[in-house]
Every structure is written in structure tokens, then in C-alpha cells.
There are 2 protein chains.
Amino acid sequence: MVKDWYKGGDKVYVAVDCIIFGFDAGVLKLLVFKRRVAPFEGRWSLIGSFVRPDESSSEASHRVLKEITGLDNIYMKELRVYSEVDRDPGARCISIGQYALIRVDEHDKELVESHGAKWYPLNELPNLVLDHGKMVSDALERLRTNAQFYPIGFELLPQKFTIPQLQQLYEVIFQKQFDSRNFRKKLLSLEILKKLDEKDKSSSKKGAFLFQFDSDKYKQIRKKGFSIPLFKNQDVL
Amino acid sequence: MVKDWYKGGDKVYVAVDCIIFGFDAGVLKLLVFKRRVAPFEGRWSLIGSFVRPDESSSEASHRVLKEITGLDNIYMKELRVYSEVDRDPGARCISIGQYALIRVDEHDKELVESHGAKWYPLNELPNLVLDHGKMVSDALERLRTNAQFYPIGFELLPQKFTIPQLQQLYEVIFQKQFDSRNFRKKLLSLEILKKLDEKDKSSSKKGAFLFQFDSDKYKQIRKKGFSIPLFKNQDVL
DNA sequence: GCAAAAGTGTTACGCTTACACCCATGG
DNA sequence: CCATGGGTGTAAGCGTAACACTTTTGC
């Protein structure tokens with residue numbers, strides 16, 4: 001960038017804030033840490049960073065995620081931009097909310113602790129700085145909406161999981177019980193699960209078969225799919 | 001804002017760019033204008049602006065929309081942030097894409113012309129500056145996805161419209177023909193259309209009854225609705 | 001042998017889809 | 001009177017939803 005053609009225009013600080021969901025011990029949790037800059041230094045905050053001159057917003061959010069959890073290749077999507085003029089008393093600063101789904105079993109717990117970050121169940125969250133509470137509720141709403149239409153639940157479970165685990169996750173996300181026979185039938189009928197020969201015996205004597213998400217098959221289905229149901233009954237929310 | 005607590009951090013230019021859709025003469029059109037700043041001054045561009053210190057990104061996009069079309073209260077949603085480091089050779093500048101649906105019959109045509117803005121059918125669009133072409137294709141994809149689940153088509157039609165008009169719009173959006181009996185049945189079964197006593201005779205001798213979108217009823221349905229179908233068949237895209 | 005979770009099948013209903021003819025009117 | 005677009009009904013098929021019992025095994 002040799003020249004600034006827009007000189008005289010207004011510049012602002014641009015940050016990313018990550019709304020990081022995990023599924024652990026049967027509940028949805030959120031990863032937060034203690035803010036390291038004034039104002040509000042030391043208060044609970046989403047994990048974020050200013051966007052650097054040499055990176056995009058998506059690169060910035062992946063960078064901080066890796067820094068704190070050690071994880072690469074995370075499911076992360078832009079939520080929205082928070083740009084209210086007075087949202088940050090520290091300075092005019094807009095923030096891009098990015099929500100992430102991570103596998104709690106794969107992340108680096110010591111790294112997380114060393115940054116003073118902590119997992120909180122969603123219903124025990126402390127108050128967060130700025131508009132971060134709003135970001136969390138927006139992200140939760142988005143998670144619910146998207147989980148209705150896309151198989152994103154898998155991003156929150158271990159690579160190998162059982163059908164009852166999957167059902168429990170969806171029950172937590174949607175705050176609703178499902179019939180286990182219909183749930184199993186439905187999920188298997190999608191043909192995006194690969195059944196393994198192993199069983200998980202951690203939650204029952206009989207043991208439950210483990211499955212893997214088959215993202216190749218999913219991509220195939222997506223490709224040819226697209227039936228465009230106009231409005232499909234109650235999906236008109 | 002009395003003090004800058006983040007001094008020493010990097011600031012960037014933040015702009016909004018509006019992807020403005022209209023439905024006219026049976027085709028989807030996009031409103032573009034000639035860029036007024038260097039570099040690329042005079043080339044076709046989405047309509048945008050820098051975000052000012054005293055406004056949010058949403059306020060900025062509504063401001064430029066009003067400035068060019070004279071319209072208030074427009075359906076406008078954030079698409080996503082475009083923040084690739086080299087997206088704008090003029091300077092490091094991130095842009096927030098905002099897509100808008102407007103009623104072509106209600107906008108101020110002279111105002112549009114006086115700004116050098118022009119409606120182009122989507123398949124006759126000139127090349128646009130920067131990453132604006134990408135913004136358009138992203139917005140179109142979003143429009144299609146959203147139109148499957150939410151009744152947003154009404155935002156593109158006159159307040160009063162006929163069922164055949166509505167069908168034509170959906171056929172254009174989805175590039176797909178619908179059976180007129182099923183289409184009518186489906187839309188009426190949603191119970192969000194109010195039938196008027198007037199007829200529109202502009203496209204047939206018999207004339208077609210006019211309808212209005214009933215947003216109150218729609219809100220009611222949304223409120224109690226929410227049946228959460230897990231994945232509803234092909235809706236798993 | 002029993003407690004606790006995993007796993008399985010069938011039926012009724014409602015929504016979706018396919019399909020063809022009559023109606024109203026202006027010219 | 002006829003050409004043009006508007007408007008209507010029905011039957012078959014498919015996916016959804018409701019429902020209860022058997023299996024496995026560690027203790």
C-alpha cells in the first residue's frame with residue numbers, strides 16, 4: 001500500500017470478538033477471559049483482538065482462537081458487526097462478532113488456563129464488558145437457527161460420537177426433548193453419518209456404537225440437493 | 001468520547017456498500033452508480049460511503065440509500081464484512097456489505113438519475129470495482145437462501161400485488177417454474193396475505209385480485225411458531 | 001437378576017406434488 | 001366469439017410424529 005487515496009477520511013479501530021461455544025458434560029459452555037486492556041481491564045470479556053494491518057477479520061479471529069485454545073481449522077462464522085457509536089467508551093471502535101464451535105475434548109486446556117480464560121455454562125455466565133452479552137445472545141440465536149438447517153452440531157462433539165450424545169446435544173441447543181426412535185431414524189436417513197465398529201461404554205453397560213460425520217457425503221448431497229421448497233411449512237419462522 | 005484508550009493501535013477506514021435489489025418488468029435488477037472517488041473514479045460501483053464518526057454501519061447504509069433513492073424504512077440486512085488486506089488499492093479499508101430490497105415503484109427515479117445511478121438487470125451488470133462483483137453474488141445467494149425460509153419477496157413488490165406477480169417474482173429468484181395451483185394454495189395457506197376487493201387489470205382482461213402482505217399476522221405466527229423441525233428433509237442444504 | 005441405557009418398527013396423519021379444465025373480459 | 005391470463009379441486013405418495021417393548025451387560 002504505497003499511498004492513502006482517502007486521506008482526510010475518518011478511521012476507526014476494528015476488532016474481532018469471538019463467541020466460542022463448547023459442549024461439555026451435557027451443557028453448552030462459552031469461553032471467556034479477563035480483559036487485558038483498559039478500560040475495564042480485568043473484567044470478563046469475550047476473547048478478541050484488534051484486526052491487524054496485515055490480516056483480514058477472519059484471519060484475526062482464527063489467530064486469537066489458535067492463540068488461546070491451540071486449535072486450528074475451527075468452525076467459525078461471522079455473526080455481525082457491532083458498530084454503535086457509543087458501544088465502547090475506550091474509543092470509537094467497531095467489532096466484528098465471530099462465533100465459533102469447538103470440540104472441547106481437542107483443545108489445549110493448559111493453554112486456555114494460562115491465558116486466564118475460563119469455560120462457563122451459558123446459564124452461569126458472568127456479566128461481560130461492553131455489548132458482549134448481546135453478542136452472546138445473538139450468537140445463541142444464530143446457533144439455533146443454523147442448527148435447524150445445517151448439520152453443525154457435529155462441530156461441537158468429539159470426532160467419534162454416539163447417537164444418544166448427538167441427541168443430547170440437540171436437546172440442549174433447542175431446549176426440547178426428542179423421541180429417540182424418530183431422532184435416530186431422522187439422522188440416519190440423512191446418510192451423512194458413518195457407523196464405526198467401536199462402541200463407547202462410558203455411559204452405559206451395553207455401550208453405544210460410535211459414528212463419524214461424513215463430510216464428503218454431505219458435500220455431495222449439498223451439491224446436487226437444493227430442492228428449493230419455497231416455504232416449507234413451519235420453517236417460516 | 002473524551003479520550004482514546006487504545007492509542008497506538010491501528011485504525012482503518014470502514015465503509016458500507018449496498019447491494020440494492022429491485023424487481024421491475026419481470027426481472028431482478030441492481031442499482032449501481034459511478035464511483036465518485038479515486039482510484040477508479042467514474043467506474044461502476046455499488047453505492048456506498050465511509051462510515052462516519054457519528055453513525056453506526058446500519059445508519060450509514062440507510063443514509064446513503066435515502067440519499068440516492070429517497071426511501072426510508074427499507075428492508076436492509078448485513079451481508080458480511082469484506083476485509084481482505086488488499087481488497088482496496090486505495091488504502092486499507094474494510095467494507096460492510098449491506099443488501100437491500102426495495103420497491104421500485106416507490107423510489108424517486110429523478111433523484112436516482114441525478115446521482116448518476118442506474119438499474120441494471122442482474123445478467124447485464126457491468127464489471128464493478130474492487131470486490132463488488134463478489135458482494136453481488138454473495139448477496140444473491142443470500143437472497144435465495146432467505147427467500148426459502150422467510151417471506152421477504154414482498155419487500156420487492158408493490159404494496160398491493162397479485163398472486164401471479166408474486167409467483168413471477170419467486171420464479172425469477174429461484175430460476176424455477178412453479179405450478180400455479182400449488183403456488184397459490186401454498187401462499188394462501190400461510191395466512192399472511194390479505195385479499196383486497198380491488199383487481200389489477202394491467203396484465204389480463206379478467207383482472208387479478210390484489211393482495212397485501214399482513215405483517216401483523218406474520219409477527220403473530222413467528223411469535224408462537226417455532227416448532228423446530230430439527231432438519232426438515234431437503235432443507236439440509 | 002436387575003437396573004440402566006441402547007436399540008428397533010408400525011401406523012395415522014398431513015403436507016407436497018402432479019395434473020386439466022372452466023371463468024371473465026376486452027378487443 | 002375468441003384469445004388471454006386468472007382461478008379452482010382431487011388423488012397419490014411421502015415424510016413426520018406418536019407410540020412400547022426387547023436387548024445387552026456390569027454390578
Side-chain angles (χ1 to χ4, degrees), chain A residues 25-26 148-149 151 157 160-172 174 176-211 221 225-237, chain B residues 25-26 148-149 151 157 160-172 174 176-211 221 225-237:
Chain A
Q148 281 182 69
F149 304 125
L157 290 175
K160 299 177 180 180
F161 54 87
T162 68
I163 304 280
Q165 274 170 22
L166 186 60
Q167 178 169 350
Q168 191 191 24
L169 170 60
Y170 276 101
E171 290 182 344
V172 167
F174 292 123
K176 183 178 190 298
Q177 303 288 111
F178 297 106
D179 178 278
S180 68
R181 288 160 291 190
N182 292 340
F183 183 88
R184 182 181 295 266
K185 211 184 314 167
K186 179 80 193 177
L187 270 287
L188 293 177
S189 77
L190 296 174
E191 302 201 308
I192 53 177
L193 295 185
K194 204 160 40 189
K195 184 175 184 174
L196 305 178
D197 272 336
E198 308 167 60
K199 278 191 162 188
D200 171 86
K201 295 211 158 193
S202 63
S203 76
S204 80
K205 291 151 188 172
K206 183 178 180 184
F209 279 103
L210 287 164
F211 289 78
I221 295 169
F226 251 99
S227 75
I228 304 152
L230 195 52
F231 312 119
K232 203 117 197 173
N233 50 331
Q234 300 101 320
D235 295 3
V236 178
L237 304 178
Chain B
Q148 282 181 68
F149 304 124
L157 290 175
K160 300 176 179 181
F161 54 86
T162 68
I163 303 280
Q165 273 170 24
L166 186 59
Q167 178 169 350
Q168 191 191 24
L169 170 60
Y170 276 101
E171 291 182 342
V172 167
F174 292 122
K176 185 178 188 300
Q177 303 287 112
F178 296 107
D179 177 279
S180 69
R181 288 161 290 189
N182 293 339
F183 183 88
R184 180 180 296 266
K185 211 183 316 167
K186 178 81 194 176
L187 269 288
L188 293 178
S189 77
L190 295 174
E191 303 201 306
I192 52 177
L193 295 185
K194 206 162 37 190
K195 185 174 183 173
L196 304 177
D197 273 335
E198 310 166 60
K199 279 192 163 189
D200 171 85
K201 296 210 159 195
S202 63
S203 75
S204 79
K205 292 152 187 174
K206 183 179 179 182
F209 279 103
L210 288 163
F211 289 79
I221 294 171
F226 250 100
S227 72
I228 303 152
L230 195 53
F231 312 117
K232 203 116 196 171
N233 50 328
Q234 299 103 319
D235 295 2
V236 179
L237 304 178

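Note that the coordinates shown come from a computational prediction; the quantities given were computed from them, not determined experimentally. Letters A, B, ... mirror the listed sequences (proteins, then strands); counts begin at 1.
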* To do: Check side-chain hydrogen bond (donor to acceptor under 3.5 Å, both in side chains) between B:Lys160 and all other residues, then give those that pass, not counting sequence neighbours.
  => B:Glu198

* Between atom CD in A:Gln177 and atom P in D:dA17, what is the gap in whole Å? -> 15 Å

* Asked: Who are the side-chain contact (heavy atoms from CB on, under 4.5 Å) partners of A:Lys195, not counting sequence neighbours?
  -> A:Phe209, A:Phe211

* Structure fact -> A:Gln167 meets the side-chain hydrogen bond (donor to acceptor under 3.5 Å, both in side chains) criterion, sequence neighbours left out, with A:Glu171

* Contacts of A:Lys201 that satisfy side-chain hydrogen bond (donor to acceptor under 3.5 Å, both in side chains) - sequence neighbours left out -> none

* Return the value, rounded to whole Å, for the distance between atom CZ of B:Phe209 and atom P of D:dG6. => 13 Å

* Looking for any heavy atom pair under 4.0 Å, which part of the strands does A:Ser203 touch: base, sugar-phosphate only, or nothing? -> sugar-phosphate

* **Contacts of type side-chain contact (heavy atoms from CB on, under 4.5 Å), residue B:Lys206, not counting sequence neighbours** => B:Lys199, B:Ser204

* Structure fact -> Dot-bracket for DNA chain D, 5' to 3', Watson-Crick and G-U pairs with both distances under 3.5 Å, [ ] for crossing pairs, | for partner on another strand, reads |||||||||||||||||||||||||||

* Is B:Ser189 touching bases, backbone alone, or none of the nucleic acid, heavy atoms closer than 4.0 Å? -> nothing

* Asked: When the distance from CG of A:Leu187 to P of D:dA17 is rounded to whole Å, what number comes out?
  -> 13 Å

* Which whole-number value in Å describes the distance from A:Leu188 CG to D:dG15 P? -> 15 Å

* To do: To the nearest Å, give me how far apart NZ (B:Lys186) and P (D:dG9) are.
  => 19 Å

* To do: Looking only at non-hydrogen atoms, find the nearest pair between B:Leu193 and B:Phe161 and report the distance.
  => CD2-CZ, 3.8 Å

* **All side-chain contact (heavy atoms from CB on, under 4.5 Å) counterparts of A:Thr162, not counting sequence neighbours** => A:Pro164, A:Gln165, A:Asp200, A:Ala208, A:Leu210

* Least distance between heavy atoms, B:Asn182 atom then B:Asp179 atom -> N-OD1, 3.0 Å

* Asked: Which whole-number value in Å describes the distance from B:Ile163 CD1 to D:dT8 C1'?
  -> 13 Å

* **Heavy-atom protein contacts under 4.0 Å, nucleotides 19-27 of chain C, coded B base, S sugar-phosphate only, - none** => BB--BBBB-

* **With A:Lys194 via side-chain hydrogen bond (donor to acceptor under 3.5 Å, both in side chains) - residues at least two apart** => none

* Whole Å only: how far is the CZ atom of B:Phe183 from the P atom of D:dT8? -> 14 Å

* Atom CZ of A:Arg184 to atom C1' of C:dA5: distance rounded to whole Å? -> 11 Å

